[in-house]
2 protein chains.
Amino acid sequence: MPWDLTSDRPIYAQIIEQMELKICSGVYPLGSKLPSVRDLAREASVNPNTMQRALSKLEESGLLYSVRTSGRYVTEDVNMIKETKKRIAREHIEEFLKRMSDLGFDQQDILSMLNDMSKELKK
Amino acid sequence: MPWDLTSDRPIYAQIIEQMELKICSGVYPLGSKLPSVRDLAREASVNPNTMQRALSKLEESGLLYSVRTSGRYVTEDVNMIKETKKRIAREHIEEFLKRMSDLGFDQQDILSMLNDMSKELKK
DNA sequence: ATTAATGTATTAACCACTTAATACAATAAT
DNA sequence: ATTATTGTATTAAGTGGTTAATACATTAAT
């Protein structure tokens, strides 16, 4: 999965979300070592400061930890990752349902549209 | 529906989305007159310039039009509103499905979680 | 021992968004 | 006729995010 960054939101916030995704989905496994700040920045075509900022925030939340001159690692806490995944899923679903209901669709509508579109996308 | 603005995205962009919503869901009916820029700005606790900026963009897209010193009105083009509603719904569904699948959930998972949560929210 | 790579910090510049304070022309309301 | 309200425009200031260019201390690699 390439870095997918747009200009309509702070880049560091998008990086946080995508790193969480990479961690929850196993792209960066439990306890594994991450590429260096500079490498990640190059990979994402972003300034090292911006990458550093995102990674620091991820440390605050406990998903990563850094060892002074060795590098940065994914937490070994399986449970924290599971909880993060649940939290993200819940947030997405809540937001989705709110937006669709604001638009004037009921549960029936939502489910049928969703079925239609996932069939479409599978092709 | 109160104005729901957060600081993590340009306010004018959020206003555009919420105005589209108000138009598509009938809060501002076809051809109806909107409150003045200044009133809308006050209502949303936002600077008149910011509201003006959002409304101008909505004119560019054709959803609104302004009459020099009389005020601003919703388009009378029913079809344009219908198409806008469809477009927004499609965008939300696509984004939702992508995010959930990136997280590692398949269609089965998504549907069951969605059912659970809409039951929860109905209480 | 020297070198290279690590995370981290600092300073300056740039840009987009937002607010504030006005101002203007056109017209509806009085 | 006068006044108030409309959309619109301008200028200045402040803020936060981003980039750029360095620098530093620590330690793994050589």
Side-chain angles (χ1 to χ4, degrees), chain A residues 2-20 22-23 28-77, chain B residues 2-20 22-23 28-29 31-76:
Chain A
W3 292 92
D4 176 26
L5 303 172
T6 64
S7 61
D8 66 341
R9 277 173 57 221
I11 295 179
Y12 84 94
Q14 299 179 55
I15 293 179
I16 291 177
E17 286 177 10
Q18 296 190 23
M19 283 292 307
E20 284 179 340
K22 284 171 193 281
I23 292 169
Y28 296 129
L30 258 185
S32 65
K33 182 176 176 174
L34 260 56
S36 74
V37 184
R38 292 167 177 83
D39 284 349
L40 282 171
R42 210 173 306 125
E43 189 183 318
S45 302
V46 148
N47 190 281
N49 295 337
T50 306
M51 183 57 71
Q52 164 75 17
R53 183 173 185 174
L55 297 178
S56 303
K57 298 272 185 187
L58 284 166
E59 268 179 57
E60 284 177 27
S61 75
L63 230 44
L64 299 180
Y65 67 93
S66 66
V67 181
R68 205 35 177 117
T69 80
S70 158
R72 224 181 219 104
Y73 301 84
V74 177
T75 179
E76 277 119 12
D77 185 343
Chain B
W3 291 93
D4 176 25
L5 302 173
T6 64
S7 62
D8 66 341
R9 277 173 58 221
I11 295 177
Y12 83 94
Q14 299 180 55
I15 293 178
I16 290 177
E17 287 176 11
Q18 296 189 25
M19 282 293 305
E20 284 178 339
K22 286 171 192 280
I23 292 169
Y28 297 128
S32 64
K33 181 177 177 173
L34 261 56
S36 73
V37 184
R38 294 167 177 81
D39 283 349
L40 282 171
R42 211 172 306 124
E43 189 183 318
S45 303
V46 148
N47 190 280
N49 295 338
T50 305
M51 182 58 71
Q52 165 74 16
R53 183 173 186 174
L55 297 178
S56 302
K57 297 273 182 183
L58 284 166
E59 266 180 56
E60 284 177 26
S61 74
L63 230 45
L64 299 180
Y65 66 93
S66 66
V67 181
R68 203 37 176 114
T69 79
S70 159
R72 225 180 220 102
Y73 300 85
V74 177
T75 180
E76 278 119 11

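Note that this is a predicted model, so its numbers are computed, not measured. A, B, ... follow the sequence lines: proteins, then strands. Residue 1 opens every chain.
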Considering only heavy atoms, which members of residues 61-71 of chain A lie under 4.0 Å from some atom of DNA chain D?
A:Thr69
By side-chain contact (heavy atoms from CB on, under 4.5 Å) - contacts of B:Tyr73 (at least two apart)
B:Lys33, B:Tyr65, B:Val67, B:Ser70
Is there a donor and acceptor pair, one atom on the side chain of B:Arg38 and one on the base of D:dG7, closer than 3.5 Å?
yes
To the nearest Å, how far apart are A:Lys57 NZ and D:dG16 C1'?
12 Å
Specify the separation, in whole Å, of atom CZ of A:Arg42 and atom C1' of D:dA20.
15 Å
Specify the separation, in whole Å, of atom CG of B:Asp8 and atom P of D:dG16.
14 Å
Output all residues satisfying side chain to side chain donor-acceptor pair (under 3.5 Å) with A:Ser32, sequence neighbours left out; order by chain, then residue number.
none
Separation between CG (B:Leu34) and CE (B:Met19), nearest 0.5 Å, reads 4.5 Å
Mind checking what makes salt bridge (Lys or Arg N to Asp or Glu O under 4.0 Å) contact with B:Arg38, not counting sequence neighbours?
none
Spacing between B:Leu34 atom CG and D:dT6 atom C1', to the nearest angstrom:
13 Å
Round to a whole Å and report the spacing from CG of A:Asp39 to C1' of C:dT8.
16 Å
Nucleotide D:dT6, atom P - distance to CD of B:Glu59 in whole Å
15 Å
So, using side-chain contact (heavy atoms from CB on, under 4.5 Å) as the criterion, who are the partners of B:Ser45 when residues are at least two apart?
none
Looking at residues 45-56 of chain B, who's got a heavy atom less than 4.0 Å off DNA chain C?
B:Val46, B:Asn47, B:Asn49, B:Thr50, B:Arg53
Please give, in whole Å, the distance from C:dA26 C1' to B:Arg72 CZ?
15 Å
List in chain and number order the residues that pass salt bridge (Lys or Arg N to Asp or Glu O under 4.0 Å) with B:Asp39, two or more places apart in sequence or in another chain; answer none if no residue qualifies.
B:Arg42
Any salt bridge (charged side-chain N to carboxylate O under 4.0 Å, His left out) pairs touching residues 48-69 of chain A, not counting sequence neighbours?
A:Glu59-A:Arg72
Please identify each residue that fulfils side chain to side chain donor-acceptor pair (under 3.5 Å) with B:Thr69, with sequence neighbours left out.
none
From B:Ser61 atom OG to B:Ile16 atom CD1, the distance as rounded to the nearest 0.5 Å:
8.0 Å
